[in-house]
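Only one structure is covered here, and it is reproduced in the block below.
Every chain is numbered from 1, with letters handed out A, B, ... down the list of sequences. Source: prediction; values computed, not measured.
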Protein chains: 4
Amino acid sequence: MEFNDSRSIYLQIVDYITTGILCNRYREGERIPSVREMAMDIEVNPNTVTRSYAELQERNIIQNQRGIGYFVSEGAYRRIRDDRVRELLENEVPRLVQTLHLLNLGLDEVIEVMKTRYQETPQ
Amino acid sequence: MEFNDSRSIYLQIVDYITTGILCNRYREGERIPSVREMAMDIEVNPNTVTRSYAELQERNIIQNQRGIGYFVSEGAYRRIRDDRVRELLENEVPRLVQTLHLLNLGLDEVIEVMKTRYQETPQ
Amino acid sequence: MEFNDSRSIYLQIVDYITTGILCNRYREGERIPSVREMAMDIEVNPNTVTRSYAELQERNIIQNQRGIGYFVSEGAYRRIRDDRVRELLENEVPRLVQTLHLLNLGLDEVIEVMKTRYQETPQ
Amino acid sequence: MEFNDSRSIYLQIVDYITTGILCNRYREGERIPSVREMAMDIEVNPNTVTRSYAELQERNIIQNQRGIGYFVSEGAYRRIRDDRVRELLENEVPRLVQTLHLLNLGLDEVIEVMKTRYQETPQ
DNA sequence: GTGGTCTAGACCACC
DNA sequence: GTGGTCTAGACCACA
């Protein structure tokens with residue numbers, strides 16, 4: 001896995017897992033890879049993965065069963081999706097619109113680009 | 001000036017100035033406030049401002065005239081705008097579209113929100 | 001380490017490291033001393049070393065691995081050497097030749113001096 | 001006149017004048033432009049020219065006749081030339097030779113380049 | 001007055 | 001342990 005330098009690795013792992021839940025790579029009630037497995041997979045220090053899992057556990061997205069592993073919580077999908085939708089509508093879209101004004105860009109041009117990309121993108 | 005905790009102050013100052021150039025608070029060829037003035041204005045240590053100005057100089061947005069101060073470079077407006085437009089079209093829009101797919105959101109709903117906000121926003 | 005008063009320390013550190021790469025004291029892919037270690041070694045404030053490392057990173061000569069340290073980039077040797085050769089041929093030699101004309105010095109006399117020194121110099 | 005950012009302007013003016021003496025633009029015993037004239041010519045603050053002239057006076061290259069102007073001292077040409085020759089042989093050439101070793105460059109290649117340039121250069 | 005550099009010391013996030 | 005950032009305060013060269 002490739003990491004972006006500008007964000008901390010443990011947060012990128014958090015995103016990787018929540019995104020995995022959104023696209024059904026990990027399903028509610030199922031086990032996710034152990035800290036060690038994950039660390040090997042993505043070539044990262046196990047401490048870092050531990051931190052990500054702690055963060056996810058705190059947000060009630062995964063749960064630890066001692067001695068067995070981490071499992072995706074019930075309702076995790078819904079919570080993640082709601083969070084992201086809120087983030088999108090309350091922060092990202094407003095920021096985008098403000099940028100358009102600043103750059104003297106018309107809304108229509110950008111919408112056109114979005115439409116094109118929206119259809120192109122397979123996944 | 002209020003700073004956002006999640007980004008470093010010196011980068012927020014960089015943005016403050018580039019945005020200032022975009023909206024004509026600072027014009028090409030004109031002098032921007034001295035390091036000390038700016039530091040007083042926004043209540044920050046002069047070293048921090050120095051760092052921001054160094055960054056801006058490296059990006060050829062401002063230029064130093066020894067013993068006199070910093071001046072907005074010719075073509076700065078254009079360069080800043082081009083950079084931001086490119087960032088928007090190459091990174092932000094694609095990321096947004098991908099998020100829509102991930103969240104199973106239709107394009108139309110988001111466009112509606114954007115239109116509403118676009119008209120509301122004063123400047 | 002002894003520093004020359006006429007150039008800033010952080011740039012002398014930059015040179016110390018690039019020269020170190022040229023003469024294989026630091027090798028590509030290997031870790032260089034941490035900011036604190038280097039600061040202790042050469043008896044300089046860590047902030048100053050930080051600044052040098054930032055400069056080197058920007059020039060893609062070293063790379064940071066978060067929480068671990070700085071490593072010499074692949075291709076660093078080549079880039080440094082190419083830069084210095086270009087500097088030599090495009091700037092230093094022409095300046096030298098122009099000085100010779102200005103001083104009414106013959107080329108041969110200088111070449112003689114260079115040859116003598118070239119053989120004397122051990123490394 | 002164009003100035004190099006990396007050196008202080010007043011020193012570049014000093015060089016401009018000493019070089020002018022070497023190539024007979026200014027001759028011993030003759031008057032050089034007044035501080036004001038020079039400042040106008042090269043578009044620089046008069047204070048800066050004053051500083052350059054002070055430096056030159058200290059090195060006994062020009063002399064002030066109060067109310068009249070600055071004159072090139074007797075023997076100035078010789079002193080400047082001697083200084084530059086010494087600088088060349090004691091510092092520049094050794095530094096150049098050391099660079100060659102560091103870059104694994106043969107002496108012959110560089111000499112070839114120098115010869116070519118030496119003949120080409122008209123002045 | 002201007003910016004440039006350096007030190008000392010602190011705090012923080014991260015691995 | 002690692003680097004990144006910020007502050008405070010100082011000194012310097014320069015215009």
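If you take CE of B:Met40 and P of E:dG3, they are 14 Å apart, rounded to a whole angstrom. In this structure, B:Asn45 atom CG and E:dG4 atom C1' are separated by 14 Å, rounded to whole Å. Atom pair C:Asn64:CG and E:dC15:P shows a separation of 10 Å (rounding to whole Å applied). D:Ile13 places its CD1 atom 12 Å from the P atom of F:dC14, with the value rounded to the nearest Å. In this structure, CD of B:Glu43 is placed 15 Å from C1' of F:dC6, rounded to the nearest angstrom. Between the CD atom of B:Gln65 and the P atom of F:dA13 there is a distance of 22 Å, rounded to whole Å. Residue B:Ile42 contributes atom CD1, which lies 14 Å from atom C1' of F:dT7 at whole-angstrom precision. To the nearest angstrom, P of F:dC6 lies 12 Å from CG of B:Asn4.
Of the residues near DNA chain F, B:Pro46 and D:Leu11, the one whose nearest nucleotide (by heavy atom distance) lies more toward the 5' end is B:Pro46. Nearest-nucleotide positions on DNA chain F for C:Val35 and B:Ile9 put C:Val35 closer to the 5' end.
Of the candidates F:dC14, E:dC15, E:dG4, F:dC14 carries the atom nearest the B:Arg66 side chain, counting heavy atoms from C-beta on. The listed nucleotides are E:dC14, F:dC6, F:dG3; the one nearest the side chain of B:Tyr10 is F:dC6. Side chain of B:Arg36, nearest nucleotide from E:dA8, F:dG3, E:dG3: E:dG3. Distances from the side chain of C:Asn47 to the nucleotides E:dG9, F:dT2, F:dG4 place E:dG9 closest. Relative to the side chain of B:Val44, the nucleotides E:dT2, F:dT7, F:dT2 differ in distance, and F:dT7 lies closest. Comparing E:dG4, F:dC6, F:dA15 against the side chain of B:Ile68 picks out F:dA15 as the nearest. Relative to the side chain of A:Thr48, the nucleotides F:dA15, F:dC14, E:dC15 differ in distance, and E:dC15 lies closest.
The phosphate of F:dG4 (OP1 or OP2) has no side-chain N or O of C:Thr50 nearer than 4.0 angstrom. For F:dC14, the OP1/OP2 oxygens have a side-chain nitrogen or oxygen of D:Ser8 closer than 4.0 Å. For F:dA15, neither phosphate oxygen OP1 nor OP2 lies less than 4.0 angstrom from any side-chain nitrogen or oxygen of D:Arg51.
Backbone-only engagement by C:Tyr70 is indicated by non-hydrogen atom pairs under 4.0 Å involving sugar-phosphate atoms exclusively. No engagement by B:Arg7 is indicated, since no non-hydrogen atom pair under 4.0 Å with the nucleic acid exists.
More than 12 heavy atoms of other residues, nucleotides or ligands sit less than 6.0 Å from atom CE of B:Met1.
Searching all strands for a Watson-Crick or G-U wobble partner of E:dA13 with both distances below 3.5 Å returns F:dT2.
Residues B:Leu96 and B:Glu92 are not in side-chain contact: their nearest non-hydrogen atoms beyond the backbone lie 4.5 Å or more apart.
Electrostatic pairing of C:Arg59 and C:Asp83 does not count as a salt bridge here, judged by no charged N lying under 4.0 Å from a carboxylate O.
Every residue was checked against the salt bridge (Lys or Arg N to Asp or Glu O under 4.0 Å) condition with D:Asp41, not counting sequence neighbours, and none meets it.
The backbone N or O of D:Asp15 lies less than 3.5 Å from a partner atom in the side chain of D:Thr18, making a donor-acceptor pair.
Inspection of the A:Ser73 and A:Arg79 side chains reveals no N or O donor paired with an N or O acceptor under 3.5 Å.
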